[in-house]
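Data first, discussion second: the structure below is written as structure tokens.
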Amino acid sequence: MTNARANRISKSMLNEWYWGWFLVAPTIVGLIILNIIPIGQTLYMSFFKSGDFGKGNLFVGFDNYRKLLSDDQVWHAVKNTLLYAVMVVPTSIVIALIAAVLMNGKLRGKSLYRTIYFIPMIAAPAAVTMVWRWLYNTKFGLINYGLSKLGLGPVDWTTDPNVALVSIAIIGIWSVVGYNMVLLLAGLQEIPRDYYEASEIDGAGKLRQFVVVTVPLLSPALFFVLVTSIIQAMQVFDVIYMMIDIQNPAYDNTVSLVYLFYNNSFKYSNKGYGSAIVMLLLAIIMIITVIQMRAQKKWVKYM
Amino acid sequence: MHTRSKLTTFAIHVILLIGACLMIIPFLWMVLTSFKSVAESTSLNPFVLLPSEWKWSNYSAVFKQNNFLILYFNTSAMIALRILCSLLFSAMAAYAFARLKFPGRNLLFGLVLFQMMVPTQIFIIPQYLMVDSMGMRNTIFALVFPGLVSAFGTFLLRQFFMGLPKELEEAAKIDGYNIGQVFVKVMLPLARSGMVALGIFTALFAFKDMMWPMIVNTSSSAATLSSALAKIQSAYSVNYPELMAASVIAIWPMLIVYVLFQRQFIEGIATSGGKL
């Protein structure tokens, strides 16, 4: 090290470097071992056909991907996953937004409402799905019992191929509304009251106020909720796993990409094919993320 | 916003109450069914709302067939260790990323962001193979393994540290504190609310996660509450009162924690949303 350089890098600076490296070391080493290397390994494995538990790997080039493209199950799963997201994300955000707007401001029992709406988020999906399965039961379920009192026929909520994905989406919406509402309510509370007062002086009605003041000023929170909801919806697994087994006649119409990944990797022990499926999921999520980032510039207004 | 008329307030309460009922009814039905006999639970004519006799035997039956004490222990050990690791390591890294200048900082923080953008399933097979090759399947360590460090936690706490005023740190430095002392004695106490939020997130995520414990801890004495429920369902799928009893046993501890710390839960979630 030359003298000039030694002068530039003073002792206190070096000290700061050491502390910085020391403090980030556990996290970075952990991330590299647990996450970064595995990404490479998953990509690598997707070019292999694997026997039991990764032993007896056979290089097959792009075969897994070729199989992927001609596999009906995969296309079902892509369609189901996207359809699930399309059903759950907008509906849950709209309901959450309505609830948040109604709760915003002075309202007795506000925190009690908030607490109750958030409860589904606390419960384990396995338990939640079990009780919904019971509510959905064709013969003895509470929902069909209610429908029969209205003179409506029994619905095969969990086995009818045309209905089962909707039933799953209902559970998804029910679980996530409270979480989204809490985030949106926090966003609403940050909007200064002056904006509403000003628009009132301008003679804006309630609805106009909502469109002109609330939505633009809430757009960063809405964007955050949208991004997290979509990523979660694309990874749907627990509810479908608990509700639809492979023999279920609605399996083809409900299987999601992650469920397919699980079955292939751990049930049929074909980790190579499972890896290829997860790479497809990654590609789809990346595409959606890029679209969102582009669209964000058009509608999200940061204060 | 501003004062609402009495009629509007009434209408708002009606709508919100309907919503609240929809949120609660599945849980009520879970509890009611768990106390019924199979005959009562499947009786439609007459329709049975309340059990004629509150049958605790459903609970004792599932308790006998499944060792819930071990499941409680596994689940709480996993949650406690994951909270400990993610708080400790994330706080350290977050402080460095927020306040210290060192070569490679941006690149390394990019790594953190990158991890958060990738679907978690991409890590699962290699993580499973690692645990397997260490011979650590069916252990508490296996349950904690993917949560040893947390990119999300690092990101969340970095935002918290960046929001804190710099004056206190500078004063402490003048007093002769070194960087480690500033971090532990000055900054950590200030980041309490962020750490509470991260702790809650970590606990909820670990509690609800089903796939990882299902894959890595297949022995029933090493399962968690979530993964055990999946097994229980396939084991006796027709006896709904017992299934509901098992569900109640699995979720009540978290519900109690939530009711006791609801403010921290909701505010933790709310503030983290604003930080991201």
Side-chain angles (χ1 to χ4, degrees), chain A residues 16-17 19-21 23-24 26-28 30-31 34-36 38-39 41-42 45 54 99 102 104-105 107 113-120 122-127 130-132 134-135 140 142 145 179 182-183 186 196 224 235 237-238 242 258 261-262 265-266 271 274-275 278 281-282 285, chain B residues 1 12 15-16 19-20 23-24 26 29-30 33 42 44 47 89-90 92-93 95-96 100-103 105 108 111 115 118-119 121-123 125-127 129 146 148-149 151 154 179 207-208 210-211 215 225-226 229-230 233 240 243-244 247 250-251 254-255 258 262 266 269-270 273-274 276:
Chain A
E16 193 168 325
W17 291 9
W19 272 108
W21 287 327
L23 288 172
V24 301
T27 296
I28 295 300
L31 283 181
L34 290 168
N35 304 119
I36 304 301
I39 293 176
Q41 283 174 319
T42 298
M45 269 191 286
L102 293 181
N104 192 26
L107 188 75
Y113 283 127
R114 214 172 51 163
T115 305
I116 291 174
Y117 279 59
F118 197 76
I119 289 180
I122 305 299
M130 269 200 232
V131 71
W132 275 95
W134 178 224
L135 291 166
F140 310 114
L142 190 61
Y145 177 77
Y179 176 74
V182 166
L183 291 172
Y196 289 104
F224 174 73
Q235 300 181 39
F237 167 74
D238 305 3
M242 290 296 287
V258 174
F261 155 76
Y262 173 82
S265 313
F266 297 101
K271 297 198 167 46
S275 302
V278 96
L281 176 68
L282 174 70
I285 290 182
Chain B
M1 280 169 242
I12 288 175
I15 297 171
L16 290 177
M23 294 296 156
I24 290 291
W29 199 237
M30 186 191 284
T33 305
T42 54
L44 296 173
F47 179 74
F89 297 142
S90 301
M92 286 165 61
Y95 173 67
L100 303 180
K101 287 200 177 70
F102 54 93
R105 185 178 74 160
L108 295 177
L111 224 60
Q115 194 273 359
V118 181
Q121 291 79 17
I122 209 166
F123 316 127
I125 298 176
Q127 286 177 346
L129 295 174
L148 284 174
V149 297
T154 306
I179 291 173
F207 173 67
K208 293 172 76 175
M210 195 170 91
M211 195 196 273
I215 290 169
L225 289 164
S226 282
L229 279 183
Q233 171 173 272
Y240 271 99
L243 281 181
M244 293 300 105
S247 299
I251 64 174
M254 202 53 158
L255 274 178
Y258 171 62
Q262 40 170 312
I266 288 174
I269 304 278
L276 291 172

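The sequence lines fix the lettering, A, B, ..., with proteins before strands; numbering per chain opens at 1. Keep in mind that the numbers below use all heavy atoms, side chains included, and drop hydrogens, waters and symmetry copies.
- Between L281(A) and P119(B) the shortest heavy-atom distance is CD2-CB, 4.1 Å.
- Looking only at distances, no side-chain donor or acceptor of Y113(A) sits under 3.5 Å from a matching main-chain atom of G19(B).
- Separating the OG1 atom in T27(A) from the CD atom in Q115(B) is a distance of 11.0 Å, to the nearest 0.5 Å.
- Your options are I28(A), T42(A), T115(A), L135(A), and the one with the most heavy-atom pairs under 4.5 Å with chain B is T115(A).
- If you measure heavy-atom distances from L31(A) to chain B, the contacts under 4.5 Å come from both the backbone and the side chain.
- Between W21(A) and P103(B) there is a side-chain heavy-atom pair separated by less than 4.5 Å.
- Using the six-membered ring where Trp is involved, F47(B) and Y145(A) have ring planes that are parallel, under 30° apart on the 30 and 60° scheme.
- In plain terms, the two heavy atoms of L229(B) and A126(A) that are nearest each other are CB-CB, 3.7 Å.
- Looking at residues two or more places apart in sequence or on another chain, you find a side chain to side chain contact (heavy atoms under 4.5 Å, CB included) between L255(B) and I119(A), I122(A), I251(B).
- Atom CG of L107(A) sits about 6.5 Å away from atom CG of L16(B), to the nearest 0.5 Å.
- In this structure, F266(A) CZ and I125(B) CD1 are separated by 5.0 Å, a value rounded to the nearest 0.5 Å.
- Under the 4.5 Å side-chain criterion, counting only non-hydrogen atoms from C-beta, F140(A) is not in contact with Y240(B).
- Proximity to chain B (any heavy atom under 4.5 Å) is shown, for F118(A), by both the backbone and the side chain.
- With chain B as partner, the option from V278(A), I116(A), V258(A), L102(A) having the largest number of non-hydrogen pairs under 4.5 angstrom is L102(A).
- Atom CD1 in I36(A) sits 4.0 Å away from atom CG in L111(B) (nearest 0.5 Å).
- Atoms CH2 and CE, from W19(A) and M92(B) in turn, are 8.5 Å apart once rounded to the nearest 0.5 Å.
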